Amino acid sequence: MPFTEGAFSANPFADVAAFSGDATPSPRSLLDTILASLDDAKAEDVVDIDVAAKTPIADHMVVCTGRSSRHVGAIADHLVKDLKDAGFGTVAVEGQPACDWVLIDAGSIIVHVFRPEVREFYHLEKMWAPDPAPTSGRR
């Protein structure tokens, strides 16, 4: 984008991104990248939970399963690489040595990759799932 008089908007951050060619990826593209990466890595039982109304730490939580510790580690490695290649930068990873439960903090989306037994034990989906609709009548 060549510099011309009056070409910039009132938002200087948007102007810097437009001028330098660096556009901030959208949250939807982050989620799409994560889901595509998990699919490519053959993650099983992928669940996306919208947690924006429940916590300020994230907008979405993605939970999935790997068949073994080795598969859990491979899914996490694949996701970290795909996020970096897509321009989302370096993400924080916890639990990589044991690979029973690997947490990937991608900012507005937190990804949990479990071995099947560990996922069943913690039941994160049940804890973070949307509240059931209120029932009418007395209890």
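In this text, all values refer to a predicted model and were calculated from it rather than measured experimentally.
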So Leu103 and Ile110, do their side chains get closer than 4.5 Å, heavy atoms only?
yes
On a heavy-atom basis, which atom in Gly66 and which in Pro116 lie closest, and how many Å separate them?
O-CD, 3.1 Å
Are side-chain heavy atoms of Val62 and Val46 found at a separation under 4.5 Å?
yes
Validation row: Asp59, Ile109 side chains within 4.5 angstrom (heavy atoms):
no
Please give me the minimum heavy-atom distance between Gly95 and Val102, naming the atom from each residue.
O-CG2, 3.6 Å
I need the minimum non-hydrogen distance between His78 and Ala41, along with the two atoms involved.
CD2-CB, 3.8 Å
With distance as the sole test, does Asp82 use its side chain to make a donor-acceptor pair with the main-chain N or O of Lys84 at under 3.5 Å?
no
How long is the straight-line distance from CG of Leu30 back to CG of Leu83, given to the nearest 0.5 Å?
6.0 Å
Does some side-chain heavy atom of Leu79 sit less than 4.5 Å from a side-chain heavy atom of Val111?
yes
Going through the distances and angles, do Asp50 and His60 end up as a side chain to side chain donor-acceptor pair (under 3.5 Å)?
CA-CA 5 Å; Asp50 185 349; His60 287 267; 4.7 Å; no
Atom pair SG/CD1 of Cys64 and Ile34 - distance to nearest 0.5 Å:
10.0 Å
Without placing hydrogens or testing angles, list every side-chain donor-acceptor pair under 3.5 Å for residues 121-129, not counting sequence neighbours.
{"from": "His123", "atom 1": "NE2", "to": "Glu120", "atom 2": "O", "distance (Å)": "2.6"}
{"from": "Glu125", "atom 1": "OE2", "to": "Arg119", "atom 2": "NE", "distance (Å)": "2.7"}
{"from": "Glu125", "atom 1": "OE2", "to": "Arg119", "atom 2": "NH2", "distance (Å)": "2.2"}

Ser69 and Asp100 have their tightest heavy-atom pair at OG-OD1, 3.7 Å
Flag side-chain contact, heavy atom, 4.5 Å: Thr33 against Phe88
yes
ILVMFWY cluster, Val113 and Leu31 together (side-chain gap under 4.5 Å):
yes
Would you call Asp105 and Val91 a side-chain contact if the rule is heavy atoms closer than 4.5 Å?
no
Are the charged groups of Asp77 and Lys81 less than 4.0 angstrom apart, N to O?
no
If you define the side chain from C-beta out and look only at heavy atoms, does anything of His112 sit under 4.5 Å from Trp101?
yes
Glu44 side, atom CD; Asp39 side, atom CG - distance, nearest 0.5 Å:
11.5 Å
Flag the pair Leu38 / Ile75 as yes when at least one side-chain heavy-atom distance between them is below 4.5 Å, and no otherwise.
yes
